[in-house]
2 protein chains.
Amino acid sequence: MFKKVLIAEDMEDINKGVFSLLTELGVTQIDQVQYCDDAYLKIKRADLDNVPFDLVISDLSFKVDHRSQTYPSGHSLVEKLKSEFPNLKVIVYSVEDRLQAVRTLFNQHDIDAYVCKSRNGLKNLTQAISEIAKDEKFLSPEVSNAFSSENELEIDDYDISLLDNLSKGLSQDEISALYRKENISPASLSSIEKRLNKLRVQFNANNAIHLVAIVKDLGLI
Amino acid sequence: MFKKVLIAEDMEDINKGVFSLLTELGVTQIDQVQYCDDAYLKIKRADLDNVPFDLVISDLSFKVDHRSQTYPSGHSLVEKLKSEFPNLKVIVYSVEDRLQAVRTLFNQHDIDAYVCKSRNGLKNLTQAISEIAKDEKFLSPEVSNAFSSENELEIDDYDISLLDNLSKGLSQDEISALYRKENISPASLSSIEKRLNKLRVQFNANNAIHLVAIVKDLGLI
DNA sequence: GCCACCGTTACGGAAAACCGTAATCATATT
DNA sequence: AATATGATTACGGTTTTCCGTAACGGTGGC
């Protein structure tokens with residue numbers, strides 16, 4: 001089991017909650033920080049002193065305040081940590097449930113676990129810790145389909161065009177008519193519906209509005 | 001009438017079209033640029049040389065390319081110009097027909113005319129030029145209702161909350177239920193519909209998807 | 001040829017959004 | 001107290017979206 005763990009989480013209550021959990025799990029050396037920069041500094045220091053952390057549990061979003069930060073988000077912190085300390089295990093613990101974001105964290109930054117904050121977030125966190133202690137990866141059930149072989153995680157030009165036209169206020173019917181006119185295939189309303197449905201599950205979106213909001217945030221359109 | 005005019009427009013064809021129009025109107029000194037930064041430099045130079053421009057016709061959106069720009073958009077250019085050269089007349093000539101954007105340009109940056117690129121854009125442009133030569137303001141018919149006393153141009157916290165919840169994927173029904181639970185008024189589905197309808201006309205949006213896309217672009221949510 | 005597979009299209013029903021109208025309620029004015 | 005005004009809510013009808021099912025059509029394997 002892990003001996004030295006760092007918790008990076010700006011909300012004090014949640015930070016405390018994770019601390020308690022770790023204590024119950026028998027972890028004795030636990031450090032807590034509320035800023036990403038502090039997290040990096042502590043880990044760097046510990047490494048230089050030859051008493052490195054062996055696990056970091058980090059949030060993704062940190063409220064900005066007066067303190068200007070080199071690492072404004074958990075995302076950037078994780079990226080830095082994993083590139084500088086490849087042996088350090090990292091669990092991301094966040095409310096974020098967008099599959100694309102989760103995929104990026106695993107694929108690009110090689111995190112070890114992703115746990116969604118939710119009703120039974122701590123239960124999942126416990127499970128995550130025991131899994132990665134065995135060198136396994138862990139994925140919260142909420143986002144378990146992020147890597148299901150089903151959905152191709154590729155978004156092609158057609159998808160982008162679809163989302164773009166949606167965001168411009170065209171109805172699915174109008175898009176269908178437009179594609180027919182411009183000889184873009186598939187053009188049927190049915191196919192457009194089906195494609196949008198695929199995109200919705202792919203991005204964990206509740207409806208078309210949500211979907212467009214998400215892909216705009218991702219900068220896809 | 002104006003003697004020295006600058007055209008800032010990245011699309012060569014449109015730039016040329018405006019040039020022809022100005023020539024027909026008897027303007028002899030016409031400069032043309034395809035980058036916002038060049039526009040600023042030319043105007044600054046002319047001012048220092050005591051041969052200032054008396055009119056700028058600028059687009060809003062400029063395609064980004066390899067040249068990095070201090071002023072990435074017509075919006076930022078106009079802002080700078082009007083603050084540094086208050087006497088310089090400015091016509092914004094753009095396809096953009098979002099009322100909020102037009103309002104901002106008039107209210108915050110004090111532009112002199114807003115002309116929508118459209119079927120008879122050049123006709124409107126001619127009219128705009130003659131109007132502001134008489135120190136009048138001009139507004140394209142497409143966006144003439146930007147200042148109609150009808151629509152309050154104020155967006156309050158309730159509106160933002162509404163848009164935010166929409167963008168998070170909640171249905172209008174769910175938002176209604178949420179507001180009832182949290183004692184936020186008005187909470188009825190009917191009121192929510194009505195408010196969203198008001199926002200749609202206010203932002204020239206075709207539907208809720210379009211609306212959310214627009215306010216996200218504006219950074220309202 | 002036959003068949004399985006996959007993308008496209010068609011269709012129908014349920015849910016949600018859209019839109020106009022009207023009733024209800026609270027508040028301010030006289 | 002009576003009335004006017006505006007905000008909130010209710011309701012009904014149309015359109016659009018959402019979702020499941022199924023038919024159609026081309027491609028590749030056997």
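Convention: sequence-line order gives letters A, B, ...; per-chain numbering from 1.
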Does a donor on one side chain and an acceptor on the other come within less than 3.5 Å for A:S188 and A:S191?
yes
Find the distance B:K198:NZ to D:dG6:P and express it as a whole number of Å.
15 Å
Contacts of A:F2 meeting ring-ring contact (aromatic ring centres under 6.0 Å, His included) (sequence neighbours excluded), chain-then-number -> none
In whole angstroms, how far is the P atom of D:dT17 from the CG atom of A:L196?
9 Å
Check the distance between D:dT8's P and B:R195's CZ and give it to me in whole angstrom.
6 Å
A:R195 bridged to A:D159 by N-O distance under 4.0 Å
yes
Return the value, rounded to whole Å, for the distance between atom CG of A:L162 and atom C1' of C:dT8.
14 Å
Strand contacts (DNA chain D) in residues 169-193 of chain B, 4.0 angstrom heavy-atom criterion
B:P186, B:A187, B:S188, B:S190, B:S191
Scan side-chain atoms only and decide if A:N165 and A:Y179 contain a donor-acceptor pair under the 3.5 Å cut-off.
yes
Find the distance B:N197:CG to D:dT16:C1' and express it as a whole number of Å.
16 Å
Gap separating the CD atom of B:E79 from the OG atom of B:S76, nearest 0.5 angstrom
7.5 Å
Test applied, side-chain contact (heavy atoms from CB on, under 4.5 Å); reference residue, B:N197; option that passes from B:E193, B:K194, B:R200
B:R200
Please confirm whether the ring centroid of A:Y35 lies under 6.0 Å from the ring centroid of A:Y40.
no
Residue-level proximity of residues 207-215 of chain B to DNA chain C when a heavy atom falls under 4.0 Å
B:N207, B:A208
Nearest-angstrom distance from the residue atom CG of A:N206 to C1' of C:dA15:
14 Å
Roughly, in whole Å, what's the span from NZ in A:K194 to P in C:dC6?
12 Å
Could you check whether the rings of B:H75 and B:H109 sit parallel, tilted or perpendicular, using 30° and 60° as the cut-offs?
perpendicular
So which atom in B:L163 and which in B:V215 form the shortest heavy-atom distance, rounded to 0.1 Å?
CD1-CG1, 3.8 Å
Which whole-number value in Å describes the distance from A:L199 CG to D:dC19 C1'?
16 Å
